[in-house]
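I have placed the structure first, in the form of structure tokens, so that the comments after it can refer back to it.
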Amino acid sequence: MDQAILAVRAREELLRWVDAAGDAGRGFLQLWIRGSAEGRYELRHLADRERPSGELALHTDPRSALDLARTTEGGRHRPLRTTPDLRRGWVLPGLDGPELWNALNRFYPAAGVHWHQHRRGELRVTSFAESAGRQSGIYASVGTLRGEPLRAAIRACCTGTMCLRRPAWAPAASVLDGVAPSGRAADDGMEHAAVPCGEPCSLLLTFAREVIRFEEERDTIEQSAPSASDPADELRAAADHSARSGRLPFETADFTQLSNPRWLRYFAERLPGARAEREGKTNQG
Amino acid sequence: MGHGSHLSAESADPVYSHADRIRRGGHFHEVQEAFWKEEPALHHALEMLSSQEVFVVPVFLAEGYFTRQVVPRELGLAPPRRLADSRRVVYCPPVGTHPRMAELILRRAMATCALGPDERRRATLVVIGHGTERSSTSGGTVYSLAARLGRQGEFGDVRCGFLDEEPRIETVLESLGDTDIVLVPFFIAEGWHARTTIPRDLGLQGVRTERRGRSIWYTPPVGTLPEVTEIILALAAEAGARAHGS
């Protein structure tokens, strides 16, 4: 479909979808969107849905969506907006349709378009091989990452506790099981937008480059994991906890830190026994 | 379109500021920022726009690796073209290539150094570029600006030095005699290089460093000047005029 028409259609469908929900509103990743009878919309953090508006910081300029989206509560940079660490405690009321759409694109760039494409089965999907294969410069090597290390890298970066989008491009063997997209109550009686990821992001490609370097020294994995005696599950739990906290002592994409949650998950995937454990589960299923 | 960063939120600030000024000025129906290293991602930038004609202005200072290879490829403009799209996308030259950039370098230098006209004519202005071994054209932008500034004669001498190609800025600094020096980082943002690596590698102590009887001034980067917004608009207007054949 023509791209220019696509953006307009996506916006119209999103507004209809929100309007149809009435007072219950809709969940859009970590946002709660509610429409009013007057054709106005309100945005706030999904976890602040039950809080009285008076307890939340009132933002009247739709452009403040950008400031809310760019850093975590701890003031850290959010290069990937779908990390599940959107700050809480604010409300953005009185938006008209175009303002809501613009605010949504500031919180989650292009996510509204991808939601629309996904609903129509028209999401453009670019595989890791294609995306990695077109890279150049310091990223030229990422296309060489294959097999278990690639699978572990995808599981480390694209699991629900690290990113709210589900990768539509991931090979079947890398399908991420057992981790629900984070930040959402199980039975809130509300429909949530499904926003898949159509193409590997810059963070994953950078992590992949670090993984290639790391795997060249494969023997050191057990020594490098902060606590090699921990079961893989404990490593994963530690990773997920710190990723959700929004209070990392370093930047989200600082892969020089071996306690980065993505590294912890990567180690968990690569520890001896983790693969056998996973294959065992698959066989039972 | 800017570089952006995985590690520093400040890196994208100038692009957001320039975009906001353009938005407030009501010059275009839509204004969208996009970055190489952070969201909004280059490869999703065009999807969000509903306009039938799009002007892409790279907020990069050099014509080189990023503006010729990375940005067009990630936007889907370079072959194989990835977008099924009937609209016109006009790809403009990067801001650093605009002739007015010389004026902005001079503005940074004059505002920071406390030198009178005669003292300036005995001093050296040094433009610091990023440079790269990956592109033979990247440094060219800086060389031509330095040549233009040299002809203007405000400073006795005008040189350039680079982070990632020869001549290295450290070498250039060492090679200068006992003149006062004004260093202007030809960078977009007050980011990793302008704020951290350059002052550290050159041993600078803030805006003014006294060393061996001479003063070395270090200015803020050129890209954060509000006039860069006007340059973005000028580049779009000039490319638009060319595209429409007028």
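Quick note: numbers below take in every heavy atom, side chains included, and nothing from hydrogens, waters or symmetry partners. Chain identifiers are assigned alphabetically (A, B, ...) following the order of the sequence lines, protein sequences preceding nucleic acid strands; residue numbering begins at 1 within each chain. Everything numeric here is computed off the predicted structure, so don't read it as measured data.
Put simply, CG on A/Asn102 and CD on B/Glu30 are 8.0 Å apart, with the number rounded to the nearest 0.5 Å. Interatomic distance, A/Arg63 CZ to B/Arg23 CZ, rounded to the nearest 0.5 Å: 7.5 Å. Taking OG of A/Ser131 as the reference point, atom CD of B/Glu74 lies at 6.5 Å (rounded to 0.5 Å).
Side-chain atoms of A/Arg134 do not come within 3.5 Å of backbone N or O of B/Arg73 as any donor-acceptor pair.
Among residues two or more places apart in sequence or in another chain, the side-chain hydrogen bond (donor to acceptor under 3.5 Å, both in side chains) test is passed with A/Glu12 by none. With sequence neighbours left out, B/Glu227 forms a salt bridge (Lys or Arg N to Asp or Glu O under 4.0 Å) with B/Arg107. Every residue two or more places apart in sequence or in another chain that forms a salt bridge (Lys or Arg N to Asp or Glu O under 4.0 Å) with A/Arg26 is listed here: A/Glu191.
Only the side chain of A/Tyr139 comes within contact range of chain B, with heavy atoms under 4.5 Å apart. Residue A/Arg76: no heavy atom, backbone or side chain, is found under 4.5 Å from chain B. For B/Phe35, no part sits under 4.5 Å from any heavy atom of chain A, backbone or side chain. Using a 4.5 Å cut-off between heavy atoms, A/Ile138 touches chain B through backbone and side chain atoms alike. Heavy atoms closer than 4.5 Å to chain B are found nowhere in A/Arg11, neither backbone nor side chain. For B/Val70, the part lying under 4.5 angstrom from a heavy atom of chain A is the side chain only. B/Gln32 does not touch chain A: none of its heavy atoms, backbone or side chain, sits under 4.5 Å away. At a 4.5 Å heavy-atom cutoff, the contact between A/Leu66 and chain B is made by side-chain atoms alone.
Side-chain atoms of A/His114 and B/Glu47 form a donor-acceptor pair, as typed in the model, at a separation below 3.5 Å.
When each of A/Thr252, A/Thr71, A/Asn105 is scored by its heavy-atom pairs under 4.5 Å with chain B, the top score falls to A/Asn105. Across A/Leu80, A/Asp254, A/Thr82, A/Leu205, the residue that shares the most heavy-atom pairs under 4.5 angstrom with chain B is A/Leu80.
The residues B/Glu39 and A/Arg78 are annotated as not salt-bridged, no charged nitrogen and carboxylate oxygen being separated by less than 4.0 angstrom.
For the residue pair B/Tyr65 and A/Ser136, the shortest heavy atom distance occurs at OH-OG, 2.6 Å. Of all heavy-atom pairs spanning A/Ala110 and B/His44, the tightest one is CB-CB, 3.8 Å.
Using a 4.5 Å cut-off between non-hydrogen atoms, the part of residues 2-21 of chain B that approaches chain A consists of B/Ser5, B/His6, B/Leu7, B/Ser8, B/Ala9, B/Ala12, B/Asp13, B/Tyr16, B/Asp20.
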